[in-house]
Each structure stands twice: as structure tokens, then as C-alpha cells.
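Reviewing the structure listed below.
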Amino acid sequence: QVQLVESGGGLVQAGGSLRLSCGASGSIFSINAMGWYRRAPGKQRELVATITSGGTTRYADSVKDRFTISRDNAKNMVYLQMNSLKPEDTAVYYCNADIRTLRYGTSYPYWGQGTQVTVSS
């Protein structure tokens with residue numbers, strides 16, 4: 001069993017900061033890419049940021065220069081530092097990870113349950 005759990009969401013004023021955390025647990029051999037996605041009410045889920053096992057990052061244009069994704073491979077953790085938050089950042093944020101559970105096998109995508117981020121004006 002593999003489980004991803006997000007934390008760190010909440011209510012923050014515009015211009016403020018939040019740091020989201022996501023931990024993977026269970027039978028894990030290795031974790032490849034990890035990322036953060038979000039879904040605002042009435043909108044499609046969109047990519048926020050991704051990071052490869054080697055540390056290569058990718059960001060949505062809407063969050064570039066404001067958000068920073070990072071990971072701690074030893075702890076099976078991925079983080080999203082969100083600065084200069086805007087009301088339009090309000091959404092449920094989901095953690096994603098491509099995880100291999102066997103030495104000889106394929107990585108599969110796993111998702112967290114989501115954490116609410118609300119930015120007030």
C-alpha cells in the first residue's frame with residue numbers, strides 16, 4: 001500500500017505565504033517525478049509544479065517566480081513554497097508522485113487527498 005498525504009493548506013491573506021508538504025509512505029522502492037496540481041471550483045485541474053528525481057523543475061506560468069517546488073528524497077517528501085499569494089490561487093492542491101514499488105517494475109502515479117488553500121483579498 002502506498003499513500004500520499006498533503007498538509008499545510010489553510011486561509012491566508014493576499015500577499016502572504018504558505019508551505020505545502022506531501023509525504024509518501026508504504027512499500028516504496030523509488031520515487032520518480034513528483035508534483036503539485038490544483039483544482040479551483042468550476043475549473044479543470046491544472047499543473048502547478050513538477051520536480052524530477054534529479055531536481056529538474058517545471059512551473060505553470062501563473063505561479064512562476066512566486067512558487068518553489070522542492071523535495072527531500074531521504075524522507076519521501078515534496079514541498080511547495082507559495083509566496084505572494086493571490087486570490088486566484090485559491091484551490092484544492094493535490095500532491096502527485098510516480099512511485100515504483102518493486103525493484104523490477106514500472107512506476108505508477110499516486111495522488112494525495114488534497115489540501116484546501118484559500119487566499120482572501
Side-chain angles (χ1 to χ4, degrees):
Q1 304 290 337
V2 174
Q3 186 176 23
L4 271 63
V5 179
E6 304 99 331
S7 63
L11 175 65
V12 65
Q13 300 269 33
S17 298
L18 284 174
R19 182 175 173 84
L20 305 184
S21 300
C22 174
S25 62
S27 182
I28 299 172
F29 178 79
S30 64
I31 302 177
N32 295 325
M34 306 183 80
W36 291 93
Y37 298 75
R38 68 186 182 187
R39 189 194 302 274
K43 293 188 175 182
Q44 300 176 11
R45 183 172 62 188
E46 66 173 342
L47 169 73
V48 177
T50 60
I51 183 168
T52 69
S53 60
T56 301
T57 59
R58 172 181 161 215
Y59 298 92
D61 288 341
S62 59
V63 307
K64 198 170 300 181
D65 301 322
R66 297 189 298 120
F67 292 9
T68 301
I69 188 171
S70 61
R71 63 190 288 170
D72 185 334
N73 292 330
K75 297 181 178 179
N76 293 333
M77 298 285 292
V78 63
Y79 308 93
L80 185 68
Q81 179 66 47
M82 304 185 293
N83 298 325
S84 302
L85 283 162
K86 305 174 180 179
E88 48 263 49
D89 294 318
T90 295
V92 177
Y93 285 70
Y94 297 90
C95 174
N96 166 260
D98 293 326
I99 298 175
R100 179 179 297 175
T101 59
L102 299 172
R103 170 64 178 85
Y104 301 101
T106 303
S107 296
Y108 295 93
Y110 292 85
W111 293 88
Q113 82 289 345
T115 185
Q116 177 70 48
V117 172
T118 302
V119 184
S120 62
S121 59

Legend entry - Any pair counted as salt bridge (Lys or Arg N to Asp or Glu O under 4.0 Å), so long as it reaches residues 61-70, sequence neighbours left out: Asp61-Lys64, Arg66-Asp89
Inset, instruction - Please tell me if the side chains of Ser21 and Met77 come closer than 4.5 Å, counting only heavy atoms from C-beta onward. - result: yes
Legend entry - Joint cluster assignment, Val12 & Tyr93, ILVMFWY side-chain distance < 4.5 Å: yes
Inset, instruction - Mind checking side-chain hydrogen bond (donor to acceptor under 3.5 Å, both in side chains) for Thr68 and listing every partner two or more places apart, or none if nothing turns up? - result: none
Inset, instruction - Mind checking side chain to side chain contact (heavy atoms under 4.5 Å, CB included) for Thr52 and listing every partner two or more places apart, or none if nothing turns up? - result: Thr56
Inset, instruction - Could you tell me which non-hydrogen atom of Ser17 sits nearest to which non-hydrogen atom of Gln81, and how far apart they are? - result: CB-NE2, 4.0 Å
Legend entry - Atom pair CG (Asn76) and OG (Ser25), whose distance is rounded to the nearest 0.5 Å: 8.5 Å
Inset, instruction - Answer yes if Val78 and Val2 sit in the same cluster of Ile, Leu, Val, Met, Phe, Trp and Tyr residues linked by side chain heavy atoms under 4.5 Å apart, and no otherwise. - result: yes
Legend entry - Option among Ile51, Val48, Val63 that satisfies the side-chain contact (heavy atoms from CB on, under 4.5 Å) test with Ile69: Ile51
N/O donor-acceptor pairs under 3.5 Å from side chains in residues 94-109, not counting sequence neighbours:
residue	atom	partner	partner atom	Å
Asn96	ND2	Tyr110	O	3.2
Arg100	NE	Gly105	O	3.3
Ser107	OG	Asn32	ND2	2.4

Legend entry - Considering all heavy atoms, the nearest Leu18-Gly8 contact: CD2-O, 3.8 Å
Legend entry - From CG (Leu20) to CH2 (Trp36), nearest 0.5 Å: 4.5 Å
Legend entry - Interatomic distance, Ile28 atom CD1 to Gln3 atom CD [nearest 0.5 angstrom]: 10.5 Å
Legend entry - Test side-chain hydrogen bond (donor to acceptor under 3.5 Å, both in side chains) applied to Ser62 - qualifying residues, sequence neighbours left out: Arg38
Legend entry - Any Leu85 side-chain heavy atom under 4.5 Å of Phe67 side chain: yes
Pairs of donor and acceptor atoms involving the side chains of residues 111-121, under 3.5 Å and at least two apart or interchain, shall be tabulated with distances.
residue	atom	partner	partner atom	Å
Gln113	NE2	Glu6	OE1	3.2
Thr115	OG1	Gly9	N	3.3
Gln116	NE2	Ala91	O	3.4
Gln116	NE2	Thr118	OG1	3.3
Ser120	OG	Gln13	OE1	2.9

Inset, instruction - Mark yes when over 12 heavy atoms from residues, nucleotides or ligands other than Arg58 sit less than 6.0 Å from its CZ; otherwise mark no. - result: no
